[in-house]
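So the structure is just underneath, and the comments pick up after that.
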Amino acid sequence: MNGARSPNINQAIIVKADTAQLGQVRRFVEEVGAQLSLDHERVFDLKVAVSEACANAVEHAGGKATPLKVCACTEGERLTFTVSDSGRFCPPCPSRRDRLGISGLGLPLMVALMDEVTFAHAPGGGTTVRLSVLLDHGPSVHP
Amino acid sequence: MDVQVTVLGGIPLLELEGDIDHGNSTLVESALREMLDSGSRLVLVDLTHVGYMDSGGISALFYGIRRLREKGWLGVIGPNHDLSRLFELVGLYADPSFRVFEDRPAAQEALAEEAGR
């Protein structure tokens, strides 16, 4: 960001709980990244992390008719994407991976690529995954 | 995403083009399954025209690698910098049944070495 103050972002999209919608979610992340002039690597990392959160939500959302809400907002120099659904986040486990074909890599990737990842469960059902990056930091991964 | 199975130096080659995500990665795994069912101990996947991949795509590659473990290897060709970072993060580079080639000539060189063993 080169020291320039980031513009305020508060945007959201609602998509069907269907992995066929992941391309639309990635385009949303790209648009937000462009508004904030984020570098390519940071945008790529955000696309992967948000996509993983959406894919996990699809697994337990209870049908394609259930919508997923993806929000992007800035608070100071922090950009946070939230992915909200009406199901419950399921951490990866080998037996479930075998049964449902879930890779089990999604959560580790989210944690590795983001500056902060949190999960919140609403009492009446529903999970919100918060994925945050600090905008004055460079890309978080430099292998 | 486009998926095509061809041959390079007598070895099955999976050519992919586009983004690979949880919505289409089963196509990649299915193609790899067919290639591996043919009995080849080496398999190539050309990622030159793949700009994006999530853990769905990585999982498909792991499927191929698992099946080739202690028998041969799966080689990817031309992954971009972003894909290379993901492969590093999930530990693919540490797997002896995983190879990376900059381009097709580099892959053909490795195949020639294998043939000379």
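The chains referred to below are lettered A, B, ... by the order of the sequence lines, with proteins before strands, and numbering in each begins at 1.
A 6.0 Å sphere centred on CD of B:E102 holds no more than 12 heavy atoms belonging to other residues, nucleotides or ligands. The local environment of CD in B:E114 is crowded, with over 12 non-hydrogen atoms from other residues, nucleotides or ligands closer than 6.0 Å. Atom CD of A:E116 has more than 12 neighbouring heavy atoms from other residues, nucleotides or ligands inside a 6.0 Å radius.
The shortest heavy-atom contact between A:T19 and B:G23 is OG1-CA, 3.3 Å. Counting all heavy atoms, side chain and backbone alike, A:L105 lies closest to B:S59 at CD1-N, 4.4 Å. Heavy-atom minimum distance, A:E52 versus B:H22: OE1-NE2, 2.9 Å. Nearest approach of A:F44 to B:M53, heavy atoms of both residues: CZ-O, 4.2 Å.
When the side chains of ILVMFWY residues are joined at heavy-atom separations under 4.5 Å, either directly or via intervening members, B:F101 and B:L47 end up in two distinct hydrophobic clusters. Under a hydrophobic-cluster definition in which Ile, Leu, Val, Met, Phe, Trp and Tyr are linked whenever side-chain heavy atoms come within less than 4.5 Å, directly or via other members, A:V117 and A:L135 are assigned to the same cluster. A chain of hydrophobic side-chain contacts below 4.5 Å, direct or via other Ile, Leu, Val, Met, Phe, Trp or Tyr residues, connects A:I9 to A:L131. By the rule that hydrophobic residues join a cluster once side-chain heavy atoms approach within less than 4.5 Å of another member, A:M110 and B:I20 end up as members of one cluster. When the side chains of ILVMFWY residues are joined at heavy-atom separations under 4.5 Å, either directly or via intervening members, B:L16 and B:L13 end up in two distinct hydrophobic clusters.
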Practice task
Output, in order, the C-alpha distance, side-chain angles, deciding distance and verdict of side chain to side chain contact (heavy atoms under 4.5 Å, CB included) for A:L109 and B:V90.
Solution key: CA-CA 8 Å; A:L109 276 180; B:V90 300; 3.9 Å; yes

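Side chains of B:H81 and A:H40 form no contact here, defined as non-hydrogen atoms less than 4.5 Å apart. With a 4.5 Å cut-off on side-chain heavy atoms, B:L86 and A:L113 count as touching.
Looking at B:F62, only its side chain comes within 4.5 Å of chain A, counting heavy atoms on both sides.
Close approach to chain B, defined as a heavy atom under 4.5 Å from one of its heavy atoms, is seen in A:L22, A:G23, A:R26 of residues 20-28 of chain A, taken by number.
If you tally non-hydrogen atom pairs under 4.5 Å between each of B:D82, B:N24, B:D54 and chain A, the highest count goes to B:D82.
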